[in-house]
Amino acid sequence: MNTSAMKSTVAQLKTQIQRAMVAAFGEDLAHIDPMLVPTSNPKFGDFQANVAMSLAKPLKQSPRDIARQIVENLDLGDLCDTPDIAGPGFINLRLKTAYLEAQLKAMQADPRLGVAPVNQPQTVIVDFSSPNIAKEMHVGHLRSTIIGDSMARVQEFMGHRVLRLNHVGDWGTQFGMLITHLKEACPEALEASSTVDIGDLVAFYKQAKLRFDTDDDFKTRSREAVVDLQAGEDTATKAWKVLCAQSRQEFQKLYDRLDIQIQERGESFYNPFLADVVQDLEAQGLLVEDQGAKVVFVDGFTNKDGNPLPLIIQKSDGGYNYATTDLAAIRYRTGKDGAERVLYVVDAGQGNHFAQVFQVGAKAGWIPDGVELTHVPFGVVQGEDGKKFKTRSGDTVRLKDLLDEAVSRARTDLETRIQSEERQETEDFIQDVAEAVGIGAVKYADLSQNRTSNYIFSFDKMLALQGNTAPYMLYAYVRVQGIARKGGIDFDHLPAEAGIHLADDSEFALSRYLLQLDTVLEEVAQDLYPNRLCQYLFELSQTFNQFYDRCSVLQAEEPQRTSRLILCDLTAKTLKLGLSLLGIRVLERM
RNA sequence: GGGGCUGUAGCUCAGCAGGAUAGAGCGACCGCCUCCUAAGCGGUAGGUCGUGGGUUCAAAUCCCGCCAGCCCCGCCA
């Protein structure tokens, strides 16, 4: 059985129920959704159809009678036992054991674990991370980077062509002060290809900002520098490049550590297209001159006085701003890149901005039919006091420091455990495990929350090593590998003819979870909520741990032993795949 | 003034394309290692799902009002 045959369990059940509905009540019901969902409780079987209750009124019959007539016309072949009718009129379906066993075997033979690639791959752009040049990546970039990376991985796995874009802040008026300060405070940086340390560059940014805020002459020179830069003047351009190169190097260290692939395409990339945006909007009669600026008035937004809200396309001084850049980016992405779906993984505070920019893009005809631009918003990271996450001294938390601390705490935990268990482990092992656990914990803690709400950051909670955390799942994976080591098992060479024989409740529970992977991933790919994948992996791990607790594997008699080994293997592979789609790597031992 | 997000157990959060007794983790309490890593498993206690209406056979979930918190709203990005 191949992937596409596997994923059709739900589809098959739906089709059959629909047929039964038509057979019982006529063609009118041909397009009524049977309302088939997984059961709320395993004791009700695997799936429940809730359609009977909703038909009671139109059919003027009792829900239970309707359910009975549907069931009488229902042909589920080898999929299910005879359905039960329960409660007010639920139709409960229980998959036949033989069917489950066959599905699991098919999953074992499939490198994609039963998840079919999409039929029609799209070109998907994921716009995420987007730090600002000359600033250090900090906790504020954490969510976009982690969520964006995971969503890109999921889209890729589903078979889409994915372009991961880092829309870095490498342009704009802040470069005026940076360039000016660089020229005056650090002229040697403009001479040779000498390098400035990023730590210095961050301090450098602060110095420039301070001068800009306190020194009017400096402010004036900075504004002139912006004009120079925009005009392509040599010194200003050189200074800008120096700043960008420095930042890029530092960013890359973090991306490497986080195992994140992303292609830099900063705001400056769109500079050559900004004038076209203005021209085109003007030609279409969408542009209005207001208080010296060129703007488009957007529908559905008003300012504090209740007047229509403009989106500024060109400032009164002739400069462009980020709305212009974003519009140019829309044109480029839907045009040159051929994007059919663009995901902007950007904090929720920019909801208005994206709604406005998308609206203008649509009005201007830059968003072809069938192309979907989606703002994927997320809440802010807060400290345990519920306020903005800061260091004790009140500074922004640097991303590097945050990762270091997570790894360091993971290492301390690990060393304590190694000591108490009287194990001997190498430094390489300890370092590797600490890094995987620490980084994995940071990522998982973020991804496991519904992204729309604010996120309270807590080292203690993410590294608690119990509960819905990365270590819990890594441990479940490690347990399987432990079985393989102990038993000298090579999962890739289990007897091909070996079957699955489900008996214990925990084996059935585990099987049901394993077979939900495809549904979960399709949901995540569509709805872009990584926490659903986390939830699934957590519940799978819990179910596995229950199975592990109740069923011995290596000491079981055949054919039970091999059957259980297959369940273990499938669990491990599912965890490994799921975690990899979250950007988290597994460990063989920990 | 407008828009958005959030409000569920002591804490942190799931659930919200309506469905059976509202779930998990942490914390508290009680158990379980002669046996594949106990970073585990089982159990107990703990909830007017902010609030008031409405729709429905059925509402934490959908609609409206209100209350509370956070965020955004013209030349920064």
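The sequence lines fix the lettering, A, B, ..., with proteins before strands; numbering per chain opens at 1. These numbers come from a predicted model, not from an experiment.
Between A:Asp569 and A:Lys573 there is a salt bridge, since at least one side-chain N of the basic residue sits less than 4.0 Å from a carboxylate O of the acidic one. Salt-bridge formation is detected for the pair A:Asp46/A:Arg512: a Lys NZ or Arg NE/NH1/NH2 atom is positioned less than 4.0 Å from an Asp or Glu carboxylate oxygen. Salt-bridge annotation for A:Asp432 and A:Arg585: present, with a side-chain N of the basic residue lying under 4.0 Å from a carboxylate O of the acidic one. The residues A:Asp299 and A:Lys363 are annotated as salt-bridged, a charged nitrogen and a carboxylate oxygen being separated by less than 4.0 angstrom.
Straight-line distance between the P atoms of B:U12 and B:G52: roughly 23 Å, to the nearest whole Å. Remark: the separation of the P atoms in B:A17 and B:C75 is 38 Å, to the nearest Å. For the C1' atoms, the distance from B:A68 to B:A14 is 23 Å, rounded to whole Å. For B:G47 and B:G23, the C1' atoms lie 11 Å apart once the distance is rounded to whole Å. Comparing B:A59 with B:C49, their C1' atoms are spaced 11 Å from each other, to the whole Å. Taking atom C1' in both B:G65 and B:A20, the straight-line distance is 31 Å, to the nearest Å. B:C72 sits 25 Å from B:G50 when the P atoms are compared, rounded to a whole Å. Across the C1' atoms, B:G69 and B:G27 are found 25 Å apart, a figure rounded to whole Å.
The separation between A:Asp84 atom CG and B:G19 atom P is 21 Å, rounded to whole Å. Put simply, CG on A:Asp446 is 17 Å from P on B:U12, counting in whole angstrom units. Here B:A22 presents its C1' atom at 13 Å from CG of A:Asn41, a figure rounded to the nearest Å. Going from atom CD of A:Glu421 over to atom P of B:G40 covers 12 Å, rounded to whole Å. When the C1' atom of B:A14 is taken as reference, atom CG of A:Asn468 falls 9 Å away, rounded to whole Å. Distance A:Lys388 NZ to B:C71 P: 10 Å, rounded to the nearest Å.
When the side-chain nitrogen and oxygen atoms of A:Ser458 are compared with OP1 and OP2 of B:U12, none of them lie within a distance under 4.0 Å. In terms of phosphate contacts, A:Asn545 brings a side-chain nitrogen or oxygen within less than 4.0 Å of OP1 or OP2 of B:C41. For B:C36, the OP1/OP2 oxygens have no side-chain nitrogen or oxygen of A:Arg561 closer than 4.0 Å. Phosphate contact (OP1/OP2 of B:U12, side-chain N/O of A:Gln382, threshold under 4.0 Å): absent. Residue A:Tyr529 places no side-chain N or O under 4.0 Å from the OP1 or OP2 atom of B:A14. Neither OP1 nor OP2 of B:A39 sits under 4.0 Å from any side-chain N or O of A:Thr416. The side chain of A:Asn450 places an N or O atom within less than 4.0 Å of a non-bridging phosphate oxygen (OP1 or OP2) of B:G15. At the phosphate of B:G15, OP1 or OP2 sits under 4.0 Å from a side-chain N or O atom of A:Asn531. Neither OP1 nor OP2 of B:C26 sits under 4.0 Å from any side-chain N or O of A:Lys461. Put simply, A:Tyr472 has a side-chain N or O that comes within less than 4.0 Å of OP1 or OP2 on B:C41.
Between A:Tyr513 and A:Phe547, a ring centre-to-centre spacing not shorter than 6.0 Å is recorded. Between A:Phe90 and A:Phe44, the distance from one ring center to the other does not fall under 6.0 angstrom. You'll find the ring centres of A:His353 and A:Tyr322 inside the 6.0 Å limit.
For A:Ser54 (side chain) and A:Val51 (main-chain N/O), a donor-acceptor pair under 3.5 Å exists by modelled atom type. The main-chain N or O of A:Gly87 is found under 3.5 Å from a side-chain atom of A:Arg64 such that the two form a donor-acceptor pair. A donor-acceptor contact shorter than 3.5 Å links the side chain of A:Thr324 to the backbone of A:Asn321.
Within the nucleic acid shown, A:Asn50 comes within 4.0 Å of at least one base atom, counting heavy atoms only. Residue A:Ile456 is classed as a sugar-phosphate contact, given heavy-atom separations below 4.0 Å to backbone atoms only. Residue A:Arg550 is out of contact with every strand shown, counting any heavy-atom pair closer than 4.0 Å. Note on A:Leu311: nothing from the nucleic acid sits closer than 4.0 angstrom, heavy atoms only. Note on A:Cys534: nothing from the nucleic acid sits closer than 4.0 angstrom, heavy atoms only. Residue-level contact check: A:Arg479 touches the backbone only, with heavy atoms under 4.0 Å from sugar-phosphate atoms and none from bases.
Classification of the A:Tyr332-A:Tyr270 ring pair by plane angle, with boundaries at 30° and 60°, yields perpendicular.
Taking the syn range as angles within 90° of 0, the glycosidic angle of B:C70 is outside it, so the base is anti.
RNA chain B contains the following stems of three or more consecutive Watson-Crick or G-U pairs, with both distances under 3.5 Å: B:1-7 with B:67-73, B:10-13 with B:23-26, B:28-32 with B:40-44, B:50-54 with B:62-66.
With the nearest nucleotide of RNA chain B identified for both A:Gln481 and A:Gln546, A:Gln481 has the one nearer the 5' end. Both A:Gly482 and A:Pro88 lie close to RNA chain B; mapped to their nearest nucleotides by heavy-atom distance, the more 5′-ward contact belongs to A:Pro88.
A:Phe378 does not carry A:Arg143 over the face of its six-membered ring by the limits of under 6.0 Å from the centre and within 45° of the normal.
With hydrogens and angles ignored, no donor-acceptor pair under 3.5 angstrom links the side chain of A:Gln449 to the base of B:A14.
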Requested in this report: Classify every nucleotide of nucleotides 72-77 of chain B by which part a protein heavy atom approaches to under 4.0 Å, writing B for the base, S for the sugar-phosphate alone and - for neither, in 5'-to-3' order.
Outcome: BSBBSB
